[in-house]
Amino acid sequence: MNTWLTDIIRKTNERPFSDADLARMMAYYAKLPARLKLAAELEKQEPGLAKKLHDELAKRFPDRPLYTRPLAADLVESLRHVALAALADDPTVLQRRWTDHLGRLLPALDVDPMEVRDAYLALRDLLEKKLTQTAWDAFHPTFDEMTDALTAIPGPAVPA
């Protein structure tokens, strides 16, 4: 998979890096500790987070049968893709590894993307309370891009 960094390195070939390339790499490097902290904090939160998410979904949306324990576990596991995209500082990583998959899967299963988005927003609320500010700042832009992408997925067909 190519990211902006691999593209810069590939395009550079045998020439010096441009000022813009160097600036982009230095900006990335400056925020790398925060991104690594995010990955570590998400990994630390993962074991108990699925149960907490399932409980929260049952409390908020008692009439939605979609919100099962396996779904909560899947959503928590998908945070690994968010962490990788944040670590790479490249939203296309999340798009290729997860969001595009959801875009194909949800309509095929006749699942309302807004219900999945609601579940992710509940997960976001849980994480906002658990992550340090540094990790949160690295987390939420990428996560928000994913939840925003769910609004573009067509919902289930309404019977006539």
Side-chain angles (χ1 to χ4, degrees), residues 1-9 21 23-62 64-109 111-153 155:
M1 170 180 8
N2 287 340
T3 64
W4 63 269
L5 182 58
T6 56
D7 285 343
I8 286 174
I9 292 168
D21 292 343
R24 176 69 172 102
M25 288 187 285
M26 291 306 293
Y28 171 75
Y29 178 73
K31 293 183 179 179
L32 187 57
R35 292 183 170 104
L36 290 170
K37 184 168 182 56
L38 167 63
E41 287 187 28
L42 285 176
E43 185 177 343
K44 181 180 176 186
Q45 292 297 326
E46 191 173 310
L49 197 54
K51 181 182 180 341
K52 289 176 185 153
L53 177 59
H54 181 258
D55 293 347
E56 182 65 23
L57 292 172
K59 184 171 70 173
R60 287 188 191 189
F61 307 101
R64 290 188 178 174
L66 175 67
Y67 297 156
T68 62
R69 286 187 192 281
L71 175 82
D74 287 347
L75 295 181
V76 169
E77 286 179 10
S78 74
L79 293 177
R80 296 170 188 170
H81 301 295
V82 174
L84 286 173
L87 187 59
D89 192 27
D90 193 338
T92 61
V93 171
L94 182 61
Q95 180 184 353
R96 291 179 194 140
R97 289 180 169 232
W98 188 243
T99 312
D100 288 352
H101 173 66
L102 283 177
R104 290 184 302 273
L105 183 65
L106 297 179
L109 295 175
V111 171
D112 185 350
M114 292 302 100
E115 287 192 24
V116 176
R117 186 176 193 274
D118 289 345
Y120 269 121
L121 293 177
L123 178 57
R124 184 186 195 277
D125 291 345
L126 290 173
L127 286 169
E128 187 172 13
K129 297 171 191 167
K130 299 213 173 272
L131 297 177
T132 62
Q133 190 63 48
T134 299
W136 176 254
D137 291 344
F139 170 78
H140 80 84
T142 304
F143 187 84
D144 292 351
E145 286 181 31
M146 178 184 62
T147 55
D148 289 348
L150 288 168
T151 62
I153 300 171

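Heads up: numbering here begins at 1 and tracks the sequence.
Side-chain contact between Leu94 and Val82: present, with at least one pair of heavy atoms (C-beta onward) separated by less than 4.5 Å. In this structure the side chain of Glu145 never reaches within 4.5 angstrom of the side chain of Gln95, judged on heavy atoms. By the 4.5 Å heavy-atom criterion applied to side chains, Arg124 and Trp136 are counted as neighbours. Contact check for Leu36 versus Leu87: side-chain heavy atoms found under the 4.5 Å cut-off. Counting heavy atoms from C-beta outward, Tyr120 and Leu102 have side chains that approach closer than 4.5 Å. A 4.5 Å side-chain heavy-atom check between Arg69 and Lys51 finds at least one atom pair inside the cut-off. Counting heavy atoms from C-beta outward, Leu42 and Leu127 have side chains that approach closer than 4.5 Å.
Counting only distance, with no hydrogens or angles, the side chain of Asp90 and the backbone of Trp4 share a donor-acceptor pair below 3.5 Å. In terms of modelled atom types and a separation under 3.5 Å, the side chain of Tyr67 and the main chain of Glu115 share a donor-acceptor contact.
To the nearest 0.5 angstrom, Leu121 atom CG is 11.5 Å from Leu126 atom CG. Remark: Leu49 CG to Glu46 CD distance equals 8.0 Å, nearest 0.5 Å. In this structure, Thr142 OG1 and Met146 CE are separated by 9.5 Å, a value rounded to the nearest 0.5 Å. Taking CG of Leu123 as the start and CG of Leu53 as the end, the distance is 5.0 Å to the nearest 0.5 Å. With rounding to the nearest 0.5 Å, the separation of CD1 in Ile8 from CG in Leu5 is 6.0 Å.
Summarising the geometry of Leu84 relative to Arg97, their closest heavy-atom pair is CD1-NH1, 3.2 Å, with the distance given to 0.1 Å. Val93 approaches Ala88 most closely through the heavy-atom pair CG2-CB, 4.1 Å. Looking at every heavy atom in both residues, Lys37 comes nearest to Thr132 through CE-OG1, 3.3 Å. In terms of heavy atoms, Ala119 sits closest to Leu57 at CA-CD2, 3.7 Å. When all heavy atoms of Thr99 and Ala149 are compared, the pair lying nearest together is CG2-CB, 3.3 Å. For the pair Pro113 and Gly155, the tightest heavy-atom approach, listed with the atom from each and the gap, is CD-CA, 3.6 Å.
For the pair Glu41 and Lys44, the salt-bridge criterion is not met [side-chain N within less than 4.0 Å of a carboxylate O]. Ion pairing of Asp100 with Arg104 is absent here, as no side-chain N (NZ or NE/NH1/NH2) approaches a carboxylate O to less than 4.0 Å. Taking 4.0 Å as the cut-off between side-chain N and carboxylate O, Asp148 and Arg117 count as a salt-bridged pair. Ionic pairing of Arg64 and Asp118 is present here: one or more N-O contacts between side-chain nitrogen and carboxylate oxygen are shorter than 4.0 angstrom. A salt bridge is absent between Asp137 and Lys31; no separation between the charged side-chain nitrogens and carboxylate oxygens falls under 4.0 Å. The pair Asp7-Arg24 does not count as a salt bridge, with every side-chain nitrogen at least 4.0 angstrom from each carboxylate oxygen.
Applying the 6.0 Å contact sphere to CD of Glu128 captures more than 12 heavy atoms from other residues, nucleotides or ligands.
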* Steps toward side-chain contact (heavy atoms from CB on, under 4.5 Å) verdict (Leu66, Phe61) -> CA-CA 10 Å; Leu66 175 67; Phe61 307 101; over 6 Å; no
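By the 30° and 60° cut-offs, the orientation of the rings of Trp98 relative to His81 is parallel.
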